[in-house]
> 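Would you mind keeping the following structure in view while I ask a few things?
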Amino acid sequence: MDHGAQQHQQHHPMEQQQQSYHQQHPAMMRLYEVQKEVQSLGSAVCTFSGLQHDRDYKRIERELTRLLLEVDKVDTEGKPELQGARKRAAQEVEGLLRYLEENATHPSRIAIEDLSNEARQLVDDRVVAPQRSGGVAEINDELVEALQEIILRLTQVKTEGRVPLRKARYRALTRMCAVQDVVEGRTQQQTLSLPLSGETHEAVNLINQVMVKVSVARSQLVALLMGLSGRDSCAHLSRILTEMQVELDALDVSGNAAIRNYRKQVVEEINGLLKHLDLEGEGEDTRRYDLGQNNSIREIEAVRAHVFHLREGVLRHCMMGDLSFRPKAELQSLLTHLDQVDTAKNPCIREARRRAVVEVQAIITFLDLREALARRQPGTEHPAHRAVWLVLGSLSDLQAQALGFDGKRVEKSYMMLEELLTKQLLALDAVDPQGDETTKMARKQAVKFAQNILNYLDMKTDGWEY
């Protein structure tokens, strides 16, 4: 053992003693206490999905600011070890404050709120306000489509993998999908003509009275889901609906199958509303909003991994001029597999599946065009048609680049690829079919093909995640 090592070993017990002294120093003990409080607040910060004006935001911010002042008050007596510990504690609190503010003011969080407000306004104008003023709710296909369009835009909001943003998006989607479900169910209900008149049986009068209450409850549920109800609560509405069920259960309908069926319809309607009343705790369970843990997403990801492997094989063979590798049957079976994935009416899972389908279809169309180009017989074509084939040849090469592209939109290679595809569209626009119907059709298909490549490239680089 050299002299330096001996010296280090001699000093080691003293260093341990000094370290133990610092650990027991009142300043260090106070920093440990503060750190425990910081840790308990840390989980609240990391899962907070609201905005700056929310009560919970102000509470967490207030607590963290108090802890920062507590850290600042710790007297380190000028000792470097204690100063370092105090600095680290302050940095930890400041980091949490920063993370809290970043998530609450993140552009994606604002986008989620804007879309929520848009849906809220739509539902208020068409459903809640008319019923509140004694009118009839304006429920039609147009309302369902408008809600669906907002839901689609919400699924495309980027969360950058941040738990608070994922949670906010999930909660907004859950409520909008529930409203859509209620509205769609109600549309069907409105088209049903009542099968029985009040004179047929006295039970029918009572069921009709419950039906009126169900209609009111439906409107209250929609208001609750969209945050448009200050008075009602989920528990209160659940109680009202359960009382209706009790009323219906008490009816004597033993003698008439038609009335039994009518009651069954109303009971099913009530059950349909009750299932949406457990949303107050929705989004607290990580498995719900972290779709990376979802079985359907895992299934889609397994298909995508297979697609990636096939795509690499197709591109490798094409580079060598070999057209023998054509796994179209395998790709078609993957499309069938994706079609069978259970999306559980979750728009994010639906979007993930749609994107996987586009990836598979892109390879199939690429193989189809390569095959068509190989089969082409140039001698018999109309001159204008020849010009379209020339563009299709260029598009095939550009699609190979698009399929293999794995960068970002800011990269020069992306911008060049986009520019070349746009030039092919302009070249197609300049083709004069000269009245030839085959050329007209071919040009139209080529334009669609070029636009599909641009859309594919756009999808591949839009940064979307679950």
> Hey, could you give me each pair passing ring pair (Phe, Tyr, Trp, His ring centres under 6.0 Å) that has a residue in residues 398-448? Not counting sequence neighbours.
Phe405-Tyr414
> Would you say Lys328 and Asp368 make side-chain contact, with heavy atoms under 4.5 Å?
yes
> Of all the heavy-atom pairs spanning Ile112 and Ala172, show the shortest one and how long it is.
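Result for this residue pair: CG2-CB, 4.1 Å.
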> Would you say the side chain of Pro164 lies within less than 4.5 Å of the side chain of Tyr99, judging by non-hydrogen atoms?
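In contact.
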> Is Glu359 salt-bridged to Arg355, cutoff N-O under 4.0 Å?
no
> Are the side chain of Arg443 and the backbone N or O of Pro433 linked by a donor-acceptor pair below 3.5 Å?
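Such a contact is absent between Arg443 side chain and Pro433 backbone.
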> Quick one, Val45 with Leu64, criterion side-chain contact (heavy atoms from CB on, under 4.5 Å). Give me CA distance, side-chain angles, the key distance, then yes/no.
CA-CA 10 Å; Val45 170; Leu64 286 169; 3.9 Å; yes
> Does the side chain of Leu367 reach to within under 4.5 Å of the side chain of Pro327, using non-hydrogen atoms?
yes
> Applying side-chain contact (heavy atoms from CB on, under 4.5 Å), name anything that partners His106, two or more places apart in sequence or on another chain.
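side-chain contact (heavy atoms from CB on, under 4.5 Å) check on His106 returns Ser108, Arg109, Glu160, Arg162, Leu165.
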> For the pair Asp339 (side chain) and Leu335 (backbone), establish whether a donor and an acceptor sit closer than 3.5 Å, ignoring hydrogens and angles.
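Checked: no pair found.
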> Taking only residues two or more places apart in sequence, or in another chain, which ones meet Tyr57 in a ring pair (Phe, Tyr, Trp, His ring centres under 6.0 Å)?
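Listed in chain order: Phe48.
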> Could you tell me whether Glu418 and Arg409 make a salt bridge, using a distance below 4.0 angstrom between a side-chain N and a carboxylate O?
no
> Not counting sequence neighbours, which residues clear ring pair (Phe, Tyr, Trp, His ring centres under 6.0 Å) with His317? List them please.
Phe325
> Would a 4.5 Å heavy-atom cut-off, applied to side chains only, mark Ile151 and Cys177 as touching?
yes
> Answer yes or no: is there a side-chain heavy-atom contact under 4.5 Å between Arg153 and Ile150?
yes
> Give a yes-or-no answer on whether the side chains of Gln121 and Asp125 include a donor-acceptor pair shorter than 3.5 Å.
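Yes, side-chain donor-acceptor contact under 3.5 Å.
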> Under a 3.5 Å distance rule, please check whether Ser296 uses its side chain to pair with a backbone N or O of Val341 as donor and acceptor.
no
> Could you tell me which non-hydrogen atom of His53 sits nearest to which non-hydrogen atom of Lys58, and how far apart they are?
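Here His53 and Lys58 meet closest at O-CE, 3.8 Å.
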> Enter the distance from Tyr170:OH to Ser49:OG here, rounded to the nearest 0.5 Å.
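With rounding to 0.5 Å, OH (Tyr170) is 12.5 Å from OG (Ser49).
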> If I take atom CZ from residue Arg171 and atom OG1 from residue Thr174, how far apart are they, to the nearest 0.5 angstrom?
8.5 Å
> Whether the side chain of Glu411 engages the backbone of Lys408 through a donor-acceptor N/O pair (distance < 3.5 Å, no angle test) should be reported.
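Yes, because the side chain of Glu411 sits within donor-acceptor range (under 3.5 Å) of the backbone of Lys408.
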> How many angstroms lie between OG1 in Thr105 and CG in Leu100, if you round to the nearest 0.5 Å?
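Result: 9.0 Å between the selected atoms.
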> If every non-hydrogen atom of Ala362 is compared with every non-hydrogen atom of Leu403, which pair is closest and at what distance?
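So the minimum-distance heavy-atom pair works out to CB-CD2, 3.9 Å.
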> For the pair Glu247 and Val210, evaluate side-chain contact (heavy atoms from CB on, under 4.5 Å) and give the outcome as yes or no after the intermediate values.
CA-CA 8 Å; Glu247 258 184 88; Val210 171; 3.9 Å; yes
> For the atom pair CG (Leu421) and CD1 (Ile453), what is the distance rounded to the nearest 0.5 Å?
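Answer rounded to 0.5 Å: 5.5 Å.
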> If you compare all heavy atoms of Leu147 against all heavy atoms of Ala119, which two are closest, and at what distance to 0.1 Å?
CD2-CB, 4.4 Å
> Could you tell me whether the side chains of Thr343 and Arg350 share a donor-acceptor contact shorter than 3.5 Å?
no
> Please indicate whether Lys423 has more than 12 foreign heavy atoms, meaning atoms of other residues, nucleotides or ligands, lying under 6.0 Å from its NZ.
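Atom NZ in Lys423 is not crowded, with 12 or fewer foreign heavy atoms closer than 6.0 Å.
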> If we ignore hydrogens and angles and just use 3.5 Å, is the side chain of Thr439 paired with the main-chain N or O of Gly435 as donor and acceptor?
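No.
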> Report the residues that fulfil side-chain contact (heavy atoms from CB on, under 4.5 Å) with Val267, sequence neighbours left out, ordered by chain and then residue number.
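For Val267, the residues satisfying side-chain contact (heavy atoms from CB on, under 4.5 Å) (neighbours in sequence not counted) are Leu248, Arg263, Asn271.
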> If you round to the nearest 0.5 Å, how far is CD of Gln332 from CD1 of Ile364?
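So the gap between those two atoms works out to 4.0 Å.
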> What pair of heavy atoms forms the shortest contact from Thr155 to Arg169, and how long is it?
O-NH1, 3.3 Å
> Tell me whether Met459 at atom CE has more than 12 heavy atoms from other residues, nucleotides or ligands lying less than 6.0 Å away.
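Enclosed: over 12 neighbouring heavy atoms sit under 6.0 Å from CE of Met459.
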> Does Met320, at its CE atom, have more than 12 non-hydrogen atoms belonging to other residues, nucleotides or ligands within less than 6.0 Å?
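Count over threshold, so yes.
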> Around atom CE of Met415, are there more than 12 heavy atoms of other residues, nucleotides or ligands at under 6.0 Å?
yes
> Would you say the side chain of His306 lies within less than 4.5 Å of the side chain of His337, judging by non-hydrogen atoms?
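No. Closest side-chain heavy atoms not under 4.5 Å.
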> With a 3.5 Å cut-off and sequence neighbours excluded, list the donor-acceptor pairs that the side chains of residues 391-398 form with protein atoms.
from, atom 1, to, atom 2, distance (Å)
Ser394, OG, Leu390, O, 3.4
Ser396, OG, Arg370, NE, 2.9
Asp397, OD1, Arg370, NH2, 3.2

> Please examine the side chains of Met176 and Gln180, heavy atoms only from C-beta on, and report whether any two atoms are closer than 4.5 Å.
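No. Closest side-chain heavy atoms not under 4.5 Å.
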> What are the two closest non-hydrogen atoms of Leu274 and Ser238, and how far apart are they?
CD2-OG, 3.7 Å
> Once rounded to the nearest 0.5 Å, what's the spacing between atom NE2 of His382 and atom CG of Asp436?
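Those atoms lie 4.5 Å apart.
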> Would Asp124 and Met226 satisfy side-chain contact (heavy atoms from CB on, under 4.5 Å), going step by step from the backbone distance to the final call?
CA-CA 9 Å; Asp124 193 30; Met226 295 311 294; over 6 Å; no
> Before you tell me yes or no, could you show the steps for Leu425 and Asp429 under side-chain contact (heavy atoms from CB on, under 4.5 Å), namely the whole-Å CA-CA distance, both residues' side-chain angles and the distance that decides it to 0.1 Å?
CA-CA 6 Å; Leu425 277 169; Asp429 196 46; over 6 Å; no
> Are Val358 and Asn455 close enough that some pair of their side-chain heavy atoms sits under 4.5 Å apart?
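The answer is no; the side chains never approach within 4.5 Å.
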